[in-house]
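Accompanying notes for the structure given below.
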Amino acid sequence: MLTEKDRQQLSEKQLPESRLKEQLACFSSGFPYMKIVAPATAQKGICVLTEEEREACIKNWEAYRTANRTILQFVPASGAASRMFRDVYAFLSAPHERPATAFEKQFFGEISRFAFYEALNERCRAKEGQDIPALLAAGRYKPVAAALLEEDGLGYGHLPKGLLLFHAAAGSARTALEEHLVEGALYASNQAGEVHIHLTVSPGHRPLFERLAKEKAPLYERLFGVKYTISWSIQSPDTDTLAVDADNEPFREADGSLLFRPGGHGALIGNLNRMDADVVFIKNIDNVVPDHLKAPTVMHRKALAGLLVGLQERIFGYLRLIESGDYTQAQVEEMIHFLQDRLCIKNPEMKYLEDAELILYIRRKLARPLRVCGMVRNAGEPGGGPFLVRNAEDGVVSLQIVESAQIDLADPQQKALFEQSAYFNPVDLVCALKGPDGRNRHLPDFVDGNTGFISHKSKDGRELKALELPGLWNGAMSDWNTVFVEAPPETFNPVKSVIDLLRPQHQPLT
């Protein structure tokens, strides 16, 4: 039963009461599982470019971006870095003062290798009157950890990853945001030297992002001869989802208010829908490397983009041909083979369609947003992967990125198929959102609302269930045309733990 206070809370979030009832129904009924047909492989579903093909795609991209195009980098950057420092927090709350675990010994033993070391050293001097070497020599390890995490120090425990110093560079240090500025200049500038970057951030951190961008963008504009246009958005509050308890009743805070949580990356499809760009690169904020290791990433992303615009040109040609009404049976067969062989769309009912129905079906499948996604060989990273999946409603098989939570792992066959995947989704996408007329497609029309899932969390020591909207690169792009391409392993270097910054991929050239 909703109280008047609940209704006021819904009004402030601009969330209709009917939406709340829909969310509660999802907790009771759950979501249908995805039906895996097979993992995508290099033989079926994943394109492995030859060196000649890669060079042709790069050449295609260079030609495309010399025209008057708007190219955009879309970077989800709202996530806090608190999980990145989970083990540092554990050390702070532990009874021992000196490092005890393998993580703690490595963290303090190699602390001078972190790009944030000099900034942390300054904060230690200001707070403790001693630098880091002196504090460690005196056995005072916790003040160093506190200076890193707490707000009267660097405050890294409360900041998003994009604002953290990741890499040493030419006598200074760069944040993850700066690395995206550099990448944009290297592969996403157009003929006019314009680099458009859009970041989704949390409301509280937006001023910090804006201040850093204002300070640093002129430096990289001079260095690369480009002009940045940086824009920002936040995840709309009306995409927040209600949390429930174990009995599927609304989870309430200590003051009796309803608990809402961000609906996950899937909520960002609305943000992406508002972007006006010809080509959009999507990549996580923490998957960046220093300059001396950027070449594989730059070449790979150019190749993805070149493949994308080549496919888009071919699709537009087919759509114009259909609109003209002047096509041959051979051309219809060509379009069918393109759907089946290039886009891996298999419809067992297509052979029964009459001519007019067949053309309408082909047109409907071609007139969709297009994405080309890099996939890396699976090296044990957690997360989703590329699969051929059968749609429950129409039986059509298509390429999808699937998370483990979307699979019925209690089904031995489905579990085996999921575990057979040799590839992993690194969030490495290049997208085309417009139709042949240059107008943006309405992206919410291509979301599969049945691909959300329920996760289990806790708050203040109490268990809760959270509703995750269809993921941005999962269900939110379920009805897109999709092509998977094998990506070099050097292009995937995420930072999940602070210790990851000590890997060679994040260290300066020695």
Quick one, M375 and I401 - any side-chain contact, counting heavy atoms below 4.5 Å?
yes
Can you check whether L293 reaches E490 side chain to side chain, under 4.5 Å on heavy atoms?
no
May I have the list of side-chain donor-acceptor pairs in residues 241-248 shorter than 3.5 Å, sequence neighbours left out?
from: T241; atom 1: OG1; to: L467; atom 2: O; distance (Å): 2.8
from: D245; atom 1: OD1; to: D247; atom 2: N; distance (Å): 2.9
from: D245; atom 1: OD1; to: N248; atom 2: N; distance (Å): 3.2
from: D245; atom 1: OD1; to: E249; atom 2: N; distance (Å): 2.9
from: N248; atom 1: OD1; to: K465; atom 2: NZ; distance (Å): 3.0

Which residue pairs pass the salt bridge (charged side-chain N to carboxylate O under 4.0 Å, His left out) test when at least one of the two sits in [range], sequence neighbours left out?
| range | result |
| --- | --- |
| residues 336-361 | none |
| residues 22-41 | none |
| residues 471-485 | R368-D479 |

Indicate whether any N or O donor in one side chain lies under 3.5 Å from an N or O acceptor in the other, for [X] and [Y].
| X | Y | answer |
| --- | --- | --- |
| E486 | Y423 | yes |
| Q400 | S398 | yes |
| T200 | N271 | no |
| Q73 | H198 | no |
| S189 | R65 | yes |
| D411 | Y33 | no |
| E334 | Y318 | yes |

My understanding is that only residues two or more places apart in sequence, or in another chain, count here; which of them pass ring-ring contact (aromatic ring centres under 6.0 Å, His included) with H180?
none
Partner residues of H205 under the ring-ring contact (aromatic ring centres under 6.0 Å, His included) criterion, sequence neighbours left out
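With neighbours one apart ignored, the set is empty.
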With a 3.5 Å distance limit and no angle check, can you tell me whether [X] reaches the backbone of [Y] through a side-chain donor-acceptor pair?
| X | Y | result |
| --- | --- | --- |
| Q406 | E403 | yes |
| S29 | A25 | yes |
| N284 | V75 | no |
| D278 | T70 | yes |
| N391 | V397 | no |
| T451 | D448 | yes |
| R371 | T482 | no |
| Q507 | L501 | yes |

Counting only pairs under 3.5 Å, give me each side-chain donor-acceptor contact of residues 100-110, with atom names and distances, residues two or more places apart or in other chains.
from: T101; atom 1: OG1; to: E104; atom 2: N; distance (Å): 3.1
from: E104; atom 1: OE1; to: H96; atom 2: NE2; distance (Å): 3.2
from: E104; atom 1: OE1; to: A100; atom 2: N; distance (Å): 2.7
from: E104; atom 1: OE1; to: T101; atom 2: N; distance (Å): 3.1
from: E110; atom 1: OE1; to: R113; atom 2: NH1; distance (Å): 2.2

State yes or no: are the ring centers of F484 and W473 separated by less than 6.0 Å?
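So the answer is no for these two rings.
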Would you check if the distance from the ring center of F116 to the ring center of Y156 is below 6.0 Å?
yes
Table please: side-chain donor-acceptor pairs of residues 295-310 below 3.5 Å, with sequence neighbours left out.
from: H300; atom 1: NE2; to: D428; atom 2: OD2; distance (Å): 2.5
from: R301; atom 1: NE; to: D428; atom 2: OD1; distance (Å): 3.1
from: R301; atom 1: NH1; to: Y187; atom 2: OH; distance (Å): 2.9
from: R301; atom 1: NH2; to: I282; atom 2: O; distance (Å): 3.0
from: R301; atom 1: NH2; to: D428; atom 2: OD1; distance (Å): 3.2
from: R301; atom 1: NH2; to: L429; atom 2: O; distance (Å): 3.3
from: K302; atom 1: NZ; to: E62; atom 2: OE2; distance (Å): 2.7

Can you list the residues that meet the salt bridge (charged side-chain N to carboxylate O under 4.0 Å, His left out) rule with [X], with sequence neighbours excluded?
| X | value |
| --- | --- |
| R261 | none |
| E183 | K283 |
| D286 | K161, K496 |
| D240 | K13 |

Might you work through the salt bridge (Lys or Arg N to Asp or Glu O under 4.0 Å) test for D276 and K434, ending with a clear yes or no?
CA-CA 9 Å; D276 185 18; K434 296 186 176 184; 3.0 Å; yes
For the residue pair W232 and F209, categorise the inter-ring angle as parallel (less than 30°), tilted (30 to 60°) or perpendicular (more than 60°).
tilted
